[in-house]
Amino acid sequence: MVDYHASNSQASSGGPAVYMDPREQENDWDRDLLLDPAWEKQQRKTFTAWCNSHLRKAGTQIENIEEDFRDGLKLMLLLEVISGERLPKPERGKMRVHKINNVNKALDYIASKGVKLVSIGAEEIVDGNAKMTLGMIWTIILRFAIQDISVEETSAKEGLLLWCQRKTAPYKNVNVQNFHISWKDGLAFNALIHRHRPELIDYDKLRKDDPLTNLNNAFEVAEKYLDIPKMMDAEDIVNTARPDEKAIMTYVSSFYHAFSGAQKAETAANRICKVLAVNQENEHLMEDYEKLASDLLDWIRRTIPWLENRAPEKTMAEMQQKLEDFRGYRRVHKPPKVQEKCQLEINFNTLQTKLRLSNRPAFMPSEGRMVSDINGAWHNLEGAEKGYEEWMLNEIRRLERLDHLAEKFRQKATIHESWTDGKEAMLTQKDYETASLSEVRALLRKHEAFESDLAAHQDRVEQIAAIAQELNELDYYDSPSVNARCQKICEQWDALGSLTQSRRESLERTEKQLESIDELYLEYAKRAAPFNNWMEGAMEDLQDMFIVHNIEEIQGLITAHEQFKSTLPEANKEREAIQAIQAEVQKIAQYNGIKLSGGNPYTTITPKTIDNKWDKVEQLVPQRDQALQEELAKQQSNDHLRRKFATQANIVGPWIQTKMEEIGRISIEMNGTLEDQLVNLREYEQSIIEYKPNIDQLEGDHQLIQEALIFDNKYTAYTMEHLRVGWEQLLTTIARTINEIENQILTRDAKGISQEQLHEYRTSFNHFDKDHSGGLMAEEFKACLISLGYDVENNKTKRTGQMDMDNYRALLVATGNSLGDAEFARIMGIVDPNNSGVVTFQAFIDFMSRETTDTDTADQVIASFKILAADKNFIMAEELRRELPPDQAEYCIARMAPYSGPDAKPGALDYMSFSTALYGESDL
């Protein structure tokens with residue numbers, strides 16, 4: 001212990017008079033400051049008033065601070081009053097030694113309270129040394145009036161200053177920064193009183209330019225209504241450039257102790273505000289989730305009927321427009337919704353984490369708005385998309401086939417109608433009745449040639465009927481007109497058959513009388529007719545439309561065309577032979593002087609007709625060559641598009657798979673601090689986002705493929721749909737992993753878990769996660785708890801050393817598998833409330849942090865409300881509005897039920913049930 005009995009010579013040498021505990025060096029007594037007479041006067045009056053405020057409780061007081069404490073009696077009495085403890089019995093003698101002994105007893109008591117005094121001795125006090133006496137009284141004030149002041153982890157002078165700043169913050173013209181000039185205008189004193197007792201002071205009438213009035217008003221009100229004696233004169237404060245800090249602190253500390261009860265109420269109000277702020281924030285997050293989930297589900301419900309609409313279109317252009325609308329939906333409308341879905345899951349996970357950290361019940365969304373419901377609706381949407389796209393592509397193929405068949409039907413029908421034009425009139429004429437034998441023979445031969453021509457046209461009629469039937473089966477939109485035209489052709493064909501048979505019978509009856517026939521004409525007609533049909537068929541085939549989907553099909557058509565061209569030399573020989581017959585007829589007629597009357601009686605096919613059609617065939621052949629080569633170039637271009645898409649897809653597909661596997665490894669290994677992991681994951685996410693142009697390039701190639709009506713690709717197993725899904729899953733997975741780290745940071749900061757603890761938890765979790773699935777089965781989780789030293793049977797954590805899974809199984813066998821089954825079942829109910837059988841790392845961290853940290857409880861909130869209610873079992877609305885911020889006071893009033901206890905009053909509110917509801921009934 002430091003010597004309290006140093007000589008007067010040491011005290012007067014200018015050394016420090018008081019030395020406080022090093023933790024409170026800001027309160028050191030500075031003897032040199034007493035050299036200022038104004039400050040010494042302020043301290044003398046303030047310290048005297050302060051001592052009398054306590055001595056009057058014992059029925060006495062002092063008049064002269066350095067004289068009245070000289071015998072030590074009133075000094076010991078003062079210490080007994082302010083401490084509530086008994087000091088040793090004083091000596092009543094009048095001698096100097098008795099006085100010194102009494103003062104030493106007082107100084108020894110001060111020292112027993114942890115106060116170290118330097119250069120203050122009993123002799124100096126007994127001799128009436130004013131400076132030493134004031135220093136001793138200041139030491140007492142610091143120890144018993146100021147040292148124990150504590151405001152938000154600050155104490156003594158700083159705590160008292162912070163309390164003043166908090167209490168006077170709302171008042172204009174008040175800015176408390178110290179304990180001297182900040183109090184000169186008197187407004188700070190008035191603000192302290194008005195803050196706690198607003199009925200005592202009309203603060204708005206005070207003026208900053210009238211400090212004397214302000215100070216006197218505060219001193220008088222404090223003395224009259226707050227039982228705080230007047231310790232200073234207003235004139236001394238105003239007339240001093242810098243009022244004495246210790247005098248101000250002594251007087252202000254009296255206000256602090258006078259209002260200490262209100263301080264407890266403020267602390268209770270702060271606790272309630274904190275709890276209510278957490279609850280309000282959580283409710284806001286719940287409302288945001290409900291709205292976002294509702295909007296997303298509404299959009300899905302509106303979109304699916306559109307995707308399920310299978311109303312077919314009549315034309316290819318209309319169907320192409322539908323496909324373009326679907327592409328617009330994929331490019332413009334869906335991507336924002338994918339982002340909304342991802343953000344919804346992140347918000348849900350963050351909300352659940354905050355609820356767990358604030359010891360609140362888990363959030364249960366409205367029926368039909370669970371994350372699983374949204375995922376189910378999203379799955380239905382993607383299924384509808386796939387079905388809609390497949391249906392449109394099939395419809396395009398169908399319409400393309402229908403257009404081809406319809407054009408083919410029109411060509412064949414036009415050719416047939418052109419051929420049948422005038423045939424009925426020819427078959428119904430009676431020219432054979434007046435014809436000669438040679439003419440009848442000619443008519444008969446001509447009719448035979450017609451029958452041959454008719455038989456040759458039978459195939460075309462059957463083809464027309466077959467095409468019409470196929471158009472009907474494929475639901476061609478203009479089927480009625482096709483059917484009508486086909487019906488007309490079939491009916492005309494049947495009529496031609498009947499008329500042909502009738503004319504043959506008439507000619508055969510006449511043939512008996514007619515014997516003359518021209519064999520050459522007959523031979524010409526018989527050979528010219530099939531050759532003419534062949535040329536017509538060739539022209540029809542050369543003008544026939546074709547549709548192919550790959551290089552192999554067009555090469556097949558080119559091969560067939562080359563085979564056709566190889567038959568042209570033989571056909572030309574046949575043409576020359578037919579023309580030779582006609583030349584022979586002319587030669588015989590000329591040689592024999594026969595006058596030919598008209599053309600060949602057996603056929604209407606003239607040599608000129610054959611030559612014209614042959615010339616037409618020769619013109620159509622190169623045209624067909626050109627068309628086939630153009631189609632070949634088109635298919636080669638399509639094949640190039642296939643190869644281009646396949647090359648990029650075969651790069652992007654494995655890249656996405658590799659990134660998915662890397663994210664899986666990163667989420668398991670997680671090296672470094674959580675902040676480092678978060679930075680690395682965000683950088684990794686940015687590297688993935690920067691890969692987006694490759695996806696966009698693929699989308700562009702895919703669009704070119706669809707516009708070219710390419711429906712297959714043998715060069716790759718990847719489709720654009722697979723790559724889109726993989727890309728979306730990649731973005732969602734990295735976002736979820738980042739959200740998991742953010743939630744772990746939230747848990748660590750809220751629960752005070754160290755980085756080493758998190759690392760230990762992650763290491764143990766990964767050790768027992770043998771399949772690297774990111775979750776632990778029940779047995780693995782139990783082994784993990786035991787490895788971390790958690791006593792499953794006694795529900796507490798103790799370090800017993802870690803063990804692996806094999807050692808854990810051996811322990812189960814040795815103990816009969818009875819390591820706290822009931823307790824472990826309780827723990828599983830906490831970490832796996834859905835009974836999925838798997839414990840995630842986030843649930844594991846939440847459980848371990850809950851076991852090692854403390855949180856606000858319903859009982860604590862109830863106790864806080866009870867302080868605000870002055871120990872009543874209910875609270876009034878005006879009490880809430882007085883103690884809490886306006887928004888949180890109204891929040892409580894709107895949600896608290898009326899109190900119905902036996903001591904209820906009108907307007908009484910039940911704060912107990914309200915506090916219970918904040919945490920859920922299970923917490924009570």
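Everything quoted here is computed from the prediction, not taken from an experiment.
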4.5 Å side-chain heavy-atom contact, Leu568 and Val621: yes
Residues Lys386 and Glu721 bridged, charged N to O under 4.0 Å: no
Salt-bridge criterion met for Arg331 and Glu324 (N-O under 4.0 Å): yes
What pairs of donor and acceptor atoms, side-chain ones from residues 419-427 against any protein atom, are under 3.5 angstrom apart with sequence neighbours left out?
residue : atom : partner : partner atom : Å
Trp419  : NE1  : Asp453  : OD2          : 2.8
Trp419  : NE1  : His457  : NE2          : 3.4
Thr420  : OG1  : His416  : O            : 3.1
Thr420  : OG1  : Glu417  : O            : 3.2
Thr420  : OG1  : Gln492  : OE1          : 3.2
Lys423  : NZ   : Trp419  : O            : 2.5

Ion pair check, Glu570 and Lys573, cut-off under 4.0 Å: yes
Ion pair Asp298/Arg301, N-O distance below 4.0 Å: yes
Flag, side chain of Asn472 to backbone of Ala468, donor-acceptor distance under 3.5 Å: yes
Pair Arg527-Thr603, side-chain donor/acceptor within less than 3.5 Å: no
Straight-line distance of Gln629 CD to Ile558 CD1, nearest 0.5 Å: 5.0 Å
Among Glu385, Glu382, His702, side chain to side chain contact (heavy atoms under 4.5 Å, CB included) partner for Arg724: His702
Gap separating the CG atom of Leu296 from the CG atom of Leu381, nearest 0.5 angstrom: 9.0 Å
Backbone N/O of Ala633 and side chain of Ser637: donor-acceptor pair under 3.5 Å: no
Pairwise side-chain contact, Leu443 with His447, heavy-atom cut-off 4.5 Å (strictly under): no
NZ/Lys334: more than 12 non-hydrogen atoms of other groups inside 6.0 Å: yes
Pair Arg330 + Glu389: basic N to acidic O under 4.0 Å: yes
4.5 Å side-chain heavy-atom contact, Ile374 and Leu297: yes
N/O donor-acceptor pair under 3.5 Å between Ser566 side chain and Gln563 backbone: yes
With Trp655 via ring pair (Phe, Tyr, Trp, His ring centres under 6.0 Å) - residues at least two apart: Tyr691
Check: Ile605 and Phe531 side chains under 4.5 Å, non-hydrogen atoms: no
Asp544 and Gln411: side chain donor to acceptor below 3.5 Å: no
Lys/Arg N to Asp/Glu carboxylate O, Arg369 vs Asp373, below 4.0 Å: no
Under 3.5 Å side-chain donor-acceptor pair for Gln458 and Glu462: yes
Spacing of Leu454 atom CG and Thr500 atom OG1 [to the nearest 0.5 Å]: 5.0 Å
Value rounded to 0.5 Å, distance of CZ in Arg410 from CD1 in Ile415: 13.5 Å
Electrostatic pair Arg460-Glu540, nearest N-O below 4.0 angstrom: yes
CG on Asn612 to CE on Met535, rounded to 0.5 Å: 9.0 Å
Stepwise side chain to side chain contact (heavy atoms under 4.5 Å, CB included) test for Arg642 and Asp712: CA-CA 8 Å; Arg642 290 187 182 97; Asp712 57 355; 3.3 Å; yes
Atom pair OH (Tyr715) and OG1 (Thr647), whose distance is rounded to the nearest 0.5 Å: 10.0 Å
Check against side chain to side chain contact (heavy atoms under 4.5 Å, CB included), Gln429 and Arg503: CA-CA 9 Å; Gln429 63 183 345; Arg503 183 170 177 80; 4.0 Å; yes
Check: Asp494 main-chain N/O paired with Ser498 side-chain donor or acceptor under 3.5 Å: yes
Side-chain donor or acceptor of Asn650 paired with backbone N/O of Ala646 under 3.5 Å: yes
Pairs touching residues 618-639 that satisfy salt bridge (charged side-chain N to carboxylate O under 4.0 Å, His left out), sequence neighbours left out: Lys565-Asp625, Asp639-Arg643
Polar contact flag, side-chain donor to acceptor under 3.5 angstrom, Glu699-Gln703: no
Check: Asp325/Gln321 side-chain N/O donor and acceptor closer than 3.5 Å: yes
